[in-house]
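Take a look at the structure set out below.
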Amino acid sequence: MTQETGGFAALDLNPNIVAAVLATGYEEPSAIQQQSIPIILAGHDMIGQAQTGTGKTAAFALPILNKIDVSKREPQALILAPTRELALQVATAFETYAKQMPGVNVVAVYGGAPMGPQLRAIRNGAQIVVATPGRLCDHLRRDEKVLSTVQYLVLDEADEMLKLGFMDDLEVIFDAIPASRQTVLFSATLPSSIRSIAERHLREPKHVKIQSKTQTVTAIEQAHLMVHADQKIPAVLRLLEVEEFDALIAFVRTKQATLDLAAALEAKGYKAAALNGDIAQNQRERVIDSLKDGRLDIVVATDVAARGLDVPRITHVFNVDMPYDPESYVHRIGRTGRAGRDGRALLLVTPRERRMLQVIERVTGQKVAEARLPNAQAVLDARIKKLTSSLAPLVAEAEATHGELFDRLTTDLGCSARALAAALLRKATNGQALDLAAVEREQPLVPSFTPRGERTERGERGERPERGDRERRAPMPLAEGRVRCRTALGARDGIAAKNLLGAILNEGGLARDAIGRIQVRDSFSLVELPEDGLEKLLSKLKDTRVAGKQLKLRRYRED
Ligand code: AMP
């Protein structure tokens with residue numbers, strides 16, 4: 001075990017859990033984990049103010065796993081999450097951390113999948129249930145005792161649950177769990193609605209908030225880019241084509257990620273190496289020395305491994321994985337801009353981490369401007385610029401040394417000077433794509449997020465719109481006499497257009513052709529309805545449920 005892993009080992013967790021966490025590649029607990037784990041282990045109720053990206057899932061999953069009695073095959077912990085996507089993510093995290101605890105069973109319960117198998121999995125001995133509130137209430141209606149053995153309750157992203165209209169469902173669930181339970185609530189924000197839930201349902205909760213002092217960052221130009229998690233490596237490769245850097249440090253979260261990114265960079269010809277807590281101290285020093293003297297240009301590191309690293313050559317910091325907190329962000333980007341030089345810091349942000357970006361901006365008091373991934377034209381321009389500057393020092397003198405050879409070759413080959421120069425260029429550039437069509441073909445499709453109304457860039461043509469894109473697409477024009485209405489139910493709640501149509505037709509008593517287009521987005525849906533009689537229709541639909549959740553249709557005003 002390396003010295004840094006002491007962090008998890010010191011937390012009083014079951015060694016099997018610590019081993020699984022270390023095997024996942026985590027090197028030390030994040031701030032929220034450091035603070036929450038002892039509180040939850042000690043049995044206190046807790047309110048954690050933390051957003052996605054801080055490591056909050058492990059902050060509750062690890063101590064809960066520690067408390068589970070594996071020999072009892074009944075639900076002991078219930079985790080409520082606002083969306084199917086998050087429920088699945090949390091369930092997967094539990095499974096990862098429980099890898100070395102045989103007998104732990106986790107079930108994810110969410111809308112859009114058949115209820116029977118979910119209920120069977122709960123009854124068959126899952127100790128951990130991760131659920132969206134709507135679907136869980138549907139189960140409770142079938143079997144009101146299903147949660148009667150739960151001792152630990154976690155509300156994850158509580159503010160999001162309330163935004164999605166789950167307040168009533170939460171009350172039903174609280175009532176179905178023994179009052180003696182331990183309750184933990186995580187929320188990015190603490191509006192009065194959340195505080196009132198906490199007052200009614202938590203007992204003397206301890207508060208955990210990662211205190212962020214305002215930090216100043218000067219002389220470092222910062223930007224962020226929106227990318228999907230599985231597109232980070234292609235995004236980094238593309239960015240590197242156009243960024244003019246001397247030395248660069250890329251920060252990721254796990255050992256595996258240091259190895260993956262360093263390997264991808266080396267494969268592209270960069271002088272890159274990984275730096276993580278598994279690498280012996282003397283080898284680490286060699287890597288840092290190599291970065292200092294130019295034998296390496298890129299180091300891919302975890303926060304722990306990069307501690308104390310001070311290399312004045314570093315012009316760029318890439319935050320490939322989000323830091324856990326703003327302090328760590330400031331610390332990371334402080335690796336550049338040393339000795340009064342200019343530095344540049346880029347941050348990759350996945351859709352779920354948007355809020356973390358806002359926190360960083362608030363704490364640093366600076367806007368981190370949005371940058372776009374360079375398109376094929378920009379990549380081509382950068383390649384030609386590099387080629388030009390590599391040739392520039394040669395043209396002055398190469399004619400003297402190689403001019404005669406050139407003349408002889410044109411004669412021997414019977415070709416024009418242009419034809420021979422082109423052949424030499426092709427050889428020198430070693431198959432690199434140097435015209436637009438070829439660069440476009442070669443660039444992997446890296447979905448970025450297209451701001452409202454803007455067209456997708458060249459080079460990203462033909463890509464499937466990702467969820468984030470769909471969310472942001474501008475609404476279509478409306479037909480005469482129709483208005484658009486919105487519900488907070490969307491694809492992530494397991495909703496399809498036909499469910500909405502069916503519910504509105506049945507409960508609203510409308511003719512089919514009275515309903516216009518239905519657009520189902522990830523976290524909401526839009527339905528075109530007749531303006532005439534709208535208020536009456538909405539009141540008829542007041543209590544309508546779709547896929548077990550309240551429809552709550554409202555007029556949507558686009559401005
Ligand atoms: P969360 O804030 O729970 O959504 O976690 C964000 C990401 O951080 C997930 O991909 C986790 O796997 C990762 N993560 C959580 N804790 C740690 C840790 N201590 N070290 C490295 N990565 C972590």
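All of these numbers come straight from a predicted model, not from anything done at the bench. For this chain, numbers begin at 1 and follow the sequence in order. Numbering of ligands and ligand atoms starts at 1, following listing order.
Here side-chain hydrogen bond (donor to acceptor under 3.5 Å, both in side chains) pairs that include residues 127-137, with residues two or more places apart or in two chains, are Q118-R135.
Contact residues for ligand 1 (protein heavy atom closer than 4.0 angstrom to any ligand atom): F8, Y26, E28, P29, S30, Q33, T52, G53, T54, G55, K56, T57, R253, Y324.
Residues forming a ring-ring contact (aromatic ring centres under 6.0 Å, His included) with F60 (at least two apart in sequence, or on another chain): F186. For the side-chain hydrogen bond (donor to acceptor under 3.5 Å, both in side chains) test, residues two or more places apart in sequence or in another chain that qualify with S196 are R200.
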- [ ] Would you sort out whether E157 and T52 count as a side chain to side chain contact (heavy atoms under 4.5 Å, CB included), showing the intermediate values?
- [x] CA-CA 9 Å; E157 302 197 357; T52 298; 2.9 Å; yes
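Around the NZ atom of K206, the shell of radius 6.0 Å holds no more than 12 heavy atoms that belong to other residues, nucleotides or ligands.
No side-chain heavy atom of V363 sits under 4.5 Å from any side-chain heavy atom of V330.
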